[in-house]
Amino acid sequence: MNYISIQNIDSLEKWVKEALKIKKKPLKNKTLGKNKTLGMLFFNSSLRTRLSTQKAALNLGMNIMVMNFTNEGWTLEFEDGAVMDSGASEHIKEAAAVVSQYCDIIAIRAFAGLIDREKDNAETVLSGFLKYATVPIINMESATGHPLQSLADAITMAEHTTAHRPKVVLTWAPHPKALPQAVANSFVEMMQLQEADFVITHPEGYELNREITKNSKIEYDQNKAFENADFIYAKNWSNYTDYGLITNSDPNWTVTTDKMKLTNNAKFMHCLPVRRNVIVMDEVLDSENSIVIEQATNRTYAVQLVLQKILESPPTPQGGTKTEKSKKIKK
Ligand code: CP
């Protein structure tokens with residue numbers, strides 16, 4: 001079993017319930033991962049993903065190896081048939097096969113480059129490991145998705161369940177750096193599995209990949225979108241059409257106390273790290289309606305559930321009986 005996308009979840013409701021059980025007794029399965037090794041490969045920075053995944057693996061009794069590929073690993077080549085006479089020292093074919101000799105599960109973080117949309121959509125790094133590794137793979141945020149974050153978000157929202165069908169708003173907010181669409185994409189995919197009135201609000205031209213948003217409601221008037229909302233999830237993403245560019249930095253999209261007053265006393269959510277007084281004003285982030293730390297807390301139980309499910313699933317023989325089809329990214 002791999003955990004690559006929110007689509008790998010057979011029943012979100014069931015997974016959330018199971019994660020909440022783990023949260024109550026995180027050490028219940030403290031020997032499940034004994035003598036198993038989790039390899040964590042980072043092509044980008046992290047705080048929450050790295051520490052929550054390590055914590056979850058420790059809760060299951062696993063060994064952990066962490067490698068920062070950006071400054072520690074050989075530069076990898078991903079193209080089949082490449083003549084490797086320039087920068088790259090090692091092909092993903094050998095790298096993924098070799099890491100699989102040392103690790104029972106490989107977790108990978110590899111963000112979008114935000115230069116070539118097709119290349120990012122092809123998930124070069126994640127797909128390379130899926131193709132050539134012989135052990136299960138976990139997505140710790142790839143070019144197009146962050147399914148561990150959205151599972152944690154679902155767990156957090158379940159802990160703040162409303163008596164009525166909730167209104168959930170994903171709002172774009174400004175940011176000085178061009179950011180990927182991964183978190184927003186996975187949040188949208190997760191919301192499509194929920195019973196909720198879900199609205200995405202962003203400036204015109206900032207549409208996410210329509211293959212992901214599908215029929216989700218889009219409202220360009222942020223104030224209108226906020227009306228009677230129960231959850232406000234703020235996130236910046238760079239332009240998907242003018243790929244990777246910042247074409248809007250309008251501070252009027254920052255989440256303020258006045259905007260939160262339009263809601264139904266909504267909870268404020270963000271995956272973190274967050275730029276204070278750019279994405280959201282201090283007063284909102286520091287208010288009792290802010291549940292961002294709870295989201296970060298639940299990252300541990302989301303990934304612990306994923307690790308547990310992989311450890312409990314039948315092993316894949318070395319050399320791989322996994323077919324190319326079963327290993328492809330499920331989108
Ligand atoms: N939300 C999240 O993935 O945080 P990090 O980038 O710090 O891991």
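Not measured: the values here are computed from a predicted model. Atoms within a ligand are numbered from 1 in the order they appear, just like the ligands themselves.
- Geometrically, ligand 1 and Arg109 share a nitrogen or oxygen pair separated by less than 3.5 Å.
- Heavy-atom contacts of Ser46 reach the following atoms of ligand 1: 5 (P), 7 (O), 8 (O) (cutoff under 4.0 Å).
- At least one N or O atom of Cys271 sits closer than 3.5 Å to an N or O atom of ligand 1.
- The two residues Asn121 and Tyr240 make their nearest non-hydrogen contact at ND2-OH, 2.9 Å.
- Using modelled atom types, one side-chain atom of Ser238 and one backbone atom of Leu179 make a donor-acceptor pair closer than 3.5 Å.
- Between Phe268 and His270, the two ring planes are parallel [angle under 30°; tilted spans 30° to 60°].
- Here the shortest heavy-atom distance to atom 1 (N) of ligand 1, taken over Val292, Leu51, Leu47, Leu272, belongs to Leu272.
- Residue Thr49 has at least one N or O atom closer than 3.5 Å to an N or O atom of ligand 1.
- Listed by atom number, the atoms of ligand 1 under 4.0 Å from Gln149 heavy atoms are 1 (N), 2 (C).
- Residue Val199 is tested with Glu227, Lys224, Lys167 for a side chain to side chain contact (heavy atoms under 4.5 Å, CB included); the sole match is Lys167.
- Ring to ring, Phe43 and Phe111 are not that close: their centroids are 6.0 angstrom or more apart.
- For atom 4 (O) of ligand 1, the closest non-hydrogen atom of the protein is Arg48 NE, 2.9 Å.
- Near His146, with a cut-off below 4.0 Å to any heavy atom, the atoms of ligand 1 are 2 (C), 3 (O).
- Salt bridge present: Asp286 and Arg276 bring a charged side-chain N and a carboxylate O closer than 4.0 Å.
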Asn239 vs Thr247, side chain to side chain donor-acceptor pair (under 3.5 Å): CA-CA, chis, key distance, verdict: CA-CA 7 Å; Asn239 200 304; Thr247 56; 2.8 Å; yes
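- Close N/O approach between Arg299 and ligand 1 is found [any backbone or side-chain N/O within under 3.5 Å].
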